[in-house]
K.L.:
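Encoded as C-alpha cells, here's the structure I'll be asking about.
Remember, it's 1-based here, ligands and their atoms both numbered in the order they're listed. Quantities reported herein were computed from a predicted structural model and do not represent experimental measurements.
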Amino acid sequence: MPRVKAIQAAVQILQREGVTHAFGVPGAAINPFYAALRESGGITHVLARHVEGASHMAEGYTRARAGNIGLCVGTSGPAGTDMLTGLYSAAADSVPILCVTGQAPVARLHKEDFQAVDIAAIAKPVTKLAMTVLEAAQVPGAFQQAFHLMRSGRPGPVLLDLPFDVQMAEIEFDIDTYEPLPVHKPAATRAQVEKALDMLEAAERPLIVAGGGIINADAADQLVELAELIDVPVIPTLMGWGAIPDDHRLMAGMAGLQTSQRYGNANLLASDLVLGIGNRWANRHTGGLEVYTRGRRFIHVDIEPTQIGRVFAPDLGIVSDAGHALRRFIELAREREAAGRLPDRTGWVEECAERKRTMLRRTHFDDVPVKPQRVYEEMIKAFGNDTRYVSTIGLSQIAGGQFLHVYRPRHWINAGQAGPLGWTLPAALGVCVAEPEATVVALSGDYDFQFLIEELAVGAQFHLPYIHVLVNNSYLGLIRQAQRAFDIDYCVQLSFDNVNSPEVGGYGVDHVKVAEGMGCKALRVQEPGEILPALEQAKKLMAEFRVPVVVEVILERVTNISMGTEIDNIIEFEELATRGEHAPTALGALNLDQMQFLD
Ligand SMILES: Cc1ncc(C[n+]2csc(CCOP(=O)(O)OP(=O)(O)O)c2C)c(N)n1
Ligand SMILES: [Mg+2]
C-alpha cells in the first residue's frame with residue numbers, strides 16, 4: 001500500500017467522487033489541504049472574499065447541474081461558523097454540499113486552542129453528518145460516508161472537520177482500491193402507484209404539485225410526460241419551478257402566499273385532489289392548512305419517510321425518489337391508457353388555462369421612479385428562455401417569482417427555505433463556475449446585494465460574467481411591508497445622503513461605484529424606457545469584459561407587492577391587468593384580443 005498523508009488521500013477521494021471545483025478561504029489550520037490540492041492539480045479553487053460566500057457558491061454550483069456536489073473549504077474557528085448559513089440553507093433546500101474545515105490538533109482541542117471550536121457540534125442540526133475526524137486512518141471512510149449520505153435519500157450537506165495533525169499524519173491508502181458507496185433511493189411499488197392512480201381516476205379536478213425533489217432527481221422530463229399522459233395540470237412549488245415550462249398548456253401557475261400567481265392559487269383552490277411529488281408543503285406555499293386542504297384529497301410522494309405526515313396527514317403517502325415514482329406512474333398510467341381507463345380531463349384543463357389567460361397582475365407602468373413590476377417585464381423582453389435566474393429573498397425575489405418566466409429545471413435557483421440575505425451574489429458565481437456558457441441573471445434588492453457585496457471581486461478576479469439586476473428601493477422592502485401590520489416604518493430605511501455621490505439622490509449606497517471599485521461593470525437607470533437598453537448594454541459589457549455587470553434600477557421607494565396569509569386572501573395593492581397591454585409579457589395573454597372582453 002502506498003503511504004500518503006491523510007489529507008492527500010482525502011483530495012484523491014474528492015476527485016474520485018467527481019469534485020472538480022472548490023470554493024474557499026485558506027487559513028493556517030487548513031493549509032495541509034491546500035498543499036494537497038496544489039499537488040493534485042485536479043481541482044480548481046475559487047478564492048472567496050468571505051467564507052459564507054464560499055458556502056453559497058458551493059450551493060449555486062451544486063444546484064446548477066444534476067450530479068454536482070459543491071465543495072467549500074475554510075480554516076478552523078470562524079471559517080466554520082461563517083459557513084453555517086450555507087449549511088443551513090443547503091439542508092433546508094435538500095442540496096448536497098461538502099464543507100471541509102481545518103481544526104486545532106487533536107491533543108489541543110480541549111485546551112481552548114487558537115480558533116478551536118466544536119464546529120461539528122454546532123453544525124449538527126444543519127447537516128446530514130458533521131464530524132471532527134480524530135483518527136487519520138478514518139479520513140478515507142469519513143469522506144466515503146460523506147458522499148454516500150449527501151447523495152442518498154433526501155440530499156443534504158455534510159461537514160468534515162479535520163484537525164491539523166490528522167491531515168498531516170501518514171496512512172496506508174491506495175485510491176485504486178477506493179470505491180464510492182452505493183446510493184440509496186427508495187422506489188414506489190406497483191401497489192402504491194396503482195392506489196394513487198385509482199384516486200386520481202376518481203377525482204374530477206386533480207392537480208400535480210411538483211416540488212424540488214423532481215429537480216433533484218433530474219426527472220423534469222418524466223413529470224411533463226406523466227402530466228401529458230394523464231392530462232393533469234401542474235402547480236410547481238418555488239423549488240420545483242422550471243420542472244414544467246411556464247408556457248406549457250398544463251402549467252397552471254404557482255400557488256402560495258408570495259411567489260405565486262392569482263391563477264395558480266385559484267386553480268389550486270378549485271381542485272379536488274392534489275398529487276404532491278418531491279415537495280414538502282412549505283408554509284409559504286400552503287398558507288393556512290385549513291384553507292389549503294379543505295375539500296380536497298392529498299397524495300404525498302417523498303423520498304424521506306419522515307416527511308410524510310409532517311405538515312398534515314395525506315390520504316396516501318408514498319416513500320419514493322421522485323424519479324423512480326414518476327417512472328412507475330408513467331408505466332402504470334400507460335397500462336390504463338391502453339385499457340381506455342384514463343378519464344377525459346379537457347374541461348378541467350381548459351378551466352385552469354382560462355384562469356391563466358385572464359387572472360393577471362399588471363406589470364406595465366410608466367411611472368418614474370420605476371415601479372418594480374415593470375422591471376420584470378423588461379427582463380423578460382431582454383432575456384431568453386434559457387436564462388438561469390438566481391435570487392434569494394425580499395420583495396425583489398417575490399415579484400420575480402410572480403412575474404418572471406422559467407422554462408427549464410435549474411433555471412430558477414433560489415434559497416427557498418432559509419432565504420439568507422446575501423446569498424444571491426455568491427450563489428450566482430457558483431452557477432457561473434458550474435455552467436460557464438450559461439446566461440446567468442441574478443436578482444437582488446439593495447439590501448441583499450449589500451450583504452455579501454465583496455464577492456463581486458471574486459467574479460472580476462475569476463472572470464465569472466453574469467448580469468446582476470439590482471432593484472433599489474433604498475428600503476428593507478419586504479420588512480417595511482410586513483411592518484404595516486405594526487403600523488411602523490422603523491429601522492428599515494437604507495436611505496442617506498451620500499457625501500460622495502449626490503447623483504444617487506438620497507438612496508444611500510452608490511452601488512455603481514462599489515461595483516466598479518470591485519472590478520465589475522455597472523449601469524444605473526432611472527426610467528422605465530431605459531431598462532431594456534441597459535440590459536442589452538449589460539450583455540455586451542459582459543461579453544467584452546468577462547466580469548459581472550450590475551444593472552441598478554432606481555425604484556419607487558414604497559411599492560407593496562401582492563401577498564397574504566391565506567391562499568384565498570392575497571392582497572393586491574395595484575390595479576389588476578384588465579387589458580393585454582397591462583401585462584404584455586404574461587403568458588397566455590400574449591394575444592391582446594383575449595383580454596379585451598374584460599374591458
Ligand atoms: C440574514 C437575514 N437577515 C434578515 C432577513 C430578513 N429579511 C428578509 S427580506 C429583508 C429585506 C430585504 O431588502 P432588499 O434586499 O432591499 O429587498 P426588497 O425587499 O427591498 O426588495 C430582510 C431584512 C433575512 N432574510 N436574512
Ligand atoms: Mg430594498
K.L.:
By atom name, which N, O or S atom belonging to Asp446 lies closest to the Mg ion (ligand 2)?
P.N.:
OD1
K.L.:
Is Asn473 close enough to the Mg ion (ligand 2) that one of its N, O or S atoms comes in under 2.8 Å?
P.N.:
yes
K.L.:
Provide, to 0.1 Å, the distance between atom 25 (N) of ligand 1 and the closest protein heavy atom, together with that atom's residue and name.
P.N.:
Gly419 O, 2.9 Å
K.L.:
Side chain, backbone, both or neither: which applies to Tyr475 and ligand 1 if a contact is any heavy-atom pair less than 4.0 Å apart?
P.N.:
backbone
K.L.:
Given the ring of Phe365, does Arg374 sit roughly above its face, with NZ or CZ under 6.0 Å from the centre of the six-membered ring and within 45° of the axis?
P.N.:
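Checked: cation-pi criterion not met.
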K.L.:
Can you report which non-hydrogen protein atom sits closest to atom 15 (O) of ligand 1, along with the distance?
P.N.:
Asp448 N, 2.8 Å
K.L.:
Would you say the side chains of Arg284 and Gln258 form a donor-acceptor pair under 3.5 Å?
P.N.:
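Checked: Arg284/Gln258 side chains pair up, N/O donor to acceptor below 3.5 Å.
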K.L.:
Is the ring pair Phe23/His21 parallel, tilted or perpendicular, if the boundaries are 30 and 60 degrees?
P.N.:
parallel
K.L.:
Within ligand 1, which atoms have a heavy atom of Gly477 less than 4.0 Å away?
P.N.:
13 (O), 18 (P), 19 (O), 20 (O)
K.L.:
Taking both backbone and side-chain atoms of Pro420, is any N or O found less than 3.5 Å from an N or O belonging to ligand 1?
P.N.:
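So ligand 1 has no N or O lying under 3.5 Å from an N or O of Pro420.
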K.L.:
Please work out whether any backbone atom (N, CA, C, O) or any side-chain heavy atom from C-beta onward of Ile479 is under 4.0 Å from ligand 1, and answer side chain, backbone, both or neither.
P.N.:
side chain
K.L.:
Between Asp510 and Arg524, does any side-chain N to carboxylate O distance fall below 4.0 Å?
P.N.:
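Yes, this pair counts.
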K.L.:
Ignoring hydrogens, just give me the one of Leu421, Thr392, Thr424 whose non-hydrogen atom is nearest atom 4 (C) of ligand 1.
P.N.:
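Among Leu421, Thr392, Thr424, the closest heavy atom to atom 4 (C) of ligand 1 comes from Leu421.
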K.L.:
Do Val25 and Thr75 have side chains that get closer than 4.5 Å, going by heavy atoms?
P.N.:
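Side-chain contact under 4.5 Å: no.
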K.L.:
Which ligand 1 atoms, with their elements, are less than 4.0 angstrom from a heavy-atom of Leu478?
P.N.:
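Result: 9 (S), 19 (O).
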K.L.:
Quick one: does Val370's side chain get under 4.5 Å of Pro372's, heavy atoms only?
P.N.:
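With C-beta onward as the side chain, the pair stays apart.
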K.L.:
Do Asn267 and Arg355 have side-chain N/O donor and acceptor atoms under 3.5 Å apart?
P.N.:
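Yes, Arg355 and Asn267 have a side-chain donor paired with an acceptor closer than 3.5 Å.
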K.L.:
Which atoms of ligand 1 are found less than 4.0 Å from any heavy atom of Ser396?
P.N.:
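Going through ligand 1 atom by atom, the ones under 4.0 Å from Ser396 are 17 (O), 21 (O).
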K.L.:
Considering non-hydrogen atoms of the protein only, which is the closest contact for atom 17 (O) of ligand 1, and what is the distance?
P.N.:
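Checking every protein heavy atom, the shortest distance to atom 17 (O) of ligand 1 gives Gly445 CA, 3.6 Å.
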K.L.:
Hey, is Asn473 touching ligand 1 through its side chain, its backbone, both or neither, going by heavy atoms under 4.0 Å?
P.N.:
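Only the side chain of Asn473 comes within reach of ligand 1.
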K.L.:
Among all protein non-hydrogen atoms, which one is nearest to atom 16 (O) of ligand 1, and what is the separation to 0.1 Å?
P.N.:
Asp446 OD1, 2.7 Å
K.L.:
Relative to ligand 1, is Ile393 under 4.0 angstrom through side chain, backbone, both or neither, heavy atoms considered?
P.N.:
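The answer is the side chain of Ile393.
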K.L.:
One pair to check against ring pair (Phe, Tyr, Trp, His ring centres under 6.0 Å): Trp241 and His411. What are the steps and the verdict?
P.N.:
CA-CA 8 Å; Trp241 197 14; His411 282 52; over 10 Å; no
K.L.:
Hey, is the Mg ion (ligand 2) within less than 2.8 Å of some N/O/S atom on Tyr475?
P.N.:
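Yes, Tyr475 qualifies, because one of its backbone or side-chain N, O or S atoms lies under 2.8 Å.
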K.L.:
Kindly assign one of parallel, tilted or perpendicular to the pair His468 and Phe449, based on the angle between their ring planes and the thresholds 30° and 60°.
P.N.:
perpendicular
K.L.:
Between Arg49 and Glu455 (salt bridge meaning N to carboxylate O under 4.0 Å), is one present in this structure?
P.N.:
no
